[in-house]
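Below: one structure, written as structure tokens.
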Amino acid sequence: QVQLAESGGGLVQPGGSLRLSCEASGSIRSVNAMAWFRQAPGKQRELVAGHTVGGETQYADSVKGRFTISRDTVRNTAYLQMNSLKPEDTAVYYCNAWAIMVGSIYENEYWGRGTQVTVSS
């Protein structure tokens with residue numbers, strides 16, 4: 001199995017920065033895509049940033065120019081650098097990955113348990 005562990009969440013002032021990390025662990029053959037989602041209370045989970053199998057990145061319009069997704073392929077880790085944070089960025093942020101386990105030909109989707117980001121003065 002594959003586990004995703006998020007870290008780096010916390011309380012930050014508006015205009016501040018925060019970096020989230022997501023480490024994939026387990027008997028991993030390959031991690032083909034990783035993404036960050038977020039969910040605020042009473043709202044649907046939404047895609048924040050994604051890194052596709054082709055190496056392309058995509059961002060929600062609300063975070064373009066402020067957030068950057070990156071990957072460390074050696075450590076199977078994804079990062080989300082968040083700058084110029086706004087109160088509306090407050091949410092639980094979830095790591096998402098599509099990965100293939102060692103000995104398997106099947107790609108499965110995995111989710112982390114989430115990390116809280118609160119932007120407030």
Side-chain angles (χ1 to χ4, degrees):
Q1 67 273 29
V2 176
Q3 294 82 39
L4 303 179
E6 302 104 332
S7 62
L11 175 65
V12 65
Q13 299 281 337
S17 297
L18 209 60
R19 189 184 73 161
L20 305 183
S21 299
C22 172
E23 182 180 4
S25 62
S27 300
I28 301 171
R29 175 181 176 182
S30 65
V31 178
N32 297 324
M34 300 190 78
W36 288 94
F37 289 73
R38 68 185 181 188
Q39 186 169 21
K43 297 185 179 296
Q44 296 289 324
R45 185 174 299 186
E46 64 173 341
L47 174 68
V48 177
H51 188 285
T52 71
V53 293
E56 303 91 351
T57 58
Q58 59 180 339
Y59 298 92
D61 288 340
S62 60
V63 307
K64 286 181 178 178
R66 300 189 297 120
F67 291 10
T68 303
I69 187 171
S70 60
R71 290 178 61 183
D72 182 336
T73 57
V74 174
R75 296 177 174 84
N76 286 322
T77 301
Y79 302 94
L80 184 67
Q81 179 66 47
M82 304 184 292
N83 299 323
S84 301
L85 283 162
K86 305 174 180 179
E88 50 262 46
D89 294 319
T90 296
V92 177
Y93 284 70
Y94 297 91
C95 181
N96 168 267
W98 287 89
I100 302 174
M101 294 175 57
V102 171
S104 176
I105 63 171
Y106 302 107
E107 184 181 58
N108 294 116
E109 186 180 23
Y110 301 89
W111 290 93
R113 295 178 179 177
T115 184
Q116 177 72 48
V117 172
T118 302
V119 185
S120 176
S121 60

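Predicted model only: the values in this text are computed from it and were never measured. Here, residue 1 is the first one in the sequence, and each next residue gets the next number. The figures that follow rest on heavy atoms only: side chains count, while hydrogens, waters and symmetry mates do not.
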Legend entry - Neighbour count above 12 (heavy atom, 6.0 Å) for Q44 CD: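 Atom CD in Q44 is not crowded, with 12 or fewer foreign heavy atoms closer than 6.0 Å.
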
Inset, instruction - Using a cut-off of 6.0 Å, state whether more than 12 heavy atoms not belonging to E109 lie near its atom CD. - result: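 Atom CD in E109 is crowded, with more than 12 foreign heavy atoms closer than 6.0 Å.
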
If you take all heavy atoms of [X] and [Y], which pair is closest and at what distance?
X	Y	value
A40	A91	N-CB, 3.9 Å
L47	A60	O-CB, 3.4 Å
S17	S84	OG-N, 4.4 Å
G50	A35	CA-CB, 3.8 Å
G9	V117	CA-CG2, 4.2 Å
L18	G8	CG-O, 3.4 Å

Legend entry - From CA spacing to verdict: ring-ring contact (aromatic ring centres under 6.0 Å, His included), Y110, W98: CA-CA 6 Å; Y110 301 89; W98 287 89; 8.5 Å; no

Minimum side-chain heavy-atom gap [X]-[Y] below 4.5 Å:
X	Y	value
T118	V12	no
F67	D89	yes
D72	Y79	yes

Legend entry - Test item: side-chain donor near acceptor, E23 and N76, under 3.5 Å: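 Judged by distance alone, the side chains do not pair up.
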
Inset, instruction - Say whether M82 and W36 are linked into one hydrophobic cluster, either directly or through other cluster members, by side-chain heavy-atom distances under 4.5 angstrom. - result: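 Yes, same cluster.
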
Inset, instruction - Would you confirm whether R75, through its side chain, and R71, through its main-chain N or O, come within 3.5 Å as a donor-acceptor pair? - result: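 Looks like no, no N/O pair under 3.5 Å.
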
Legend entry - Whether S104 side chain and V102 backbone form a donor-acceptor pair below 3.5 Å: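 Flag not set: sc S104 to bb V102 has no pair under 3.5 Å.
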
Legend entry - Salt bridge D61-K64, side-chain N to carboxylate O under 4.0 Å: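 Between K64 and D61 there is a salt bridge, with a charged N closer than 4.0 Å to a carboxylate O.
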
Inset, instruction - Run the numbers on I100 and Y106 for side chain to side chain contact (heavy atoms under 4.5 Å, CB included), then give the verdict. - result: CA-CA 6 Å; I100 302 174; Y106 302 107; over 6 Å; no

Inset, instruction - Kindly determine whether Q116 and T90 satisfy side chain to side chain contact (heavy atoms under 4.5 Å, CB included), including the steps that lead there. - result: CA-CA 8 Å; Q116 177 72 48; T90 296; 4.0 Å; yes

Inset, instruction - Give me the one residue out of T57, L20, V63 that meets side-chain contact (heavy atoms from CB on, under 4.5 Å) with I69. - result: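 Running side-chain contact (heavy atoms from CB on, under 4.5 Å) over T57, L20, V63 with I69 returns exactly one hit, T57.
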
Inset, instruction - Just do the side chain to side chain contact (heavy atoms under 4.5 Å, CB included) check on Q81 and S70 with the steps written out, would you? - result: CA-CA 8 Å; Q81 179 66 47; S70 60; over 6 Å; no

[atom2] on [Y] to [atom1] on [X], rounded to 0.5 Å:
X	Y	atom1	atom2	value
H51	E56	NE2	CD	8.5 Å
Q1	S27	CD	OG	7.0 Å
R113	L4	CZ	CG	10.5 Å
L80	T115	CG	OG1	11.0 Å
C22	Q3	SG	CD	11.5 Å
R29	M101	CZ	CE	12.0 Å

Legend entry - Derivation and outcome, side chain to side chain contact (heavy atoms under 4.5 Å, CB included), residues Q13 and V119: CA-CA 6 Å; Q13 299 281 337; V119 185; over 6 Å; no

Inset, instruction - Would you mind telling me which of Q39, R38, E6 makes a side-chain hydrogen bond (donor to acceptor under 3.5 Å, both in side chains) with Y93? - result: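 Exactly one candidate clears the test, R38.
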
Inset, instruction - Tell me, please, whether Y94 has R45 positioned over its six-membered ring: NZ or CZ under 6.0 Å from the ring centre and within 45 degrees of its axis? - result: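 Yes, a cation-pi geometry.
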
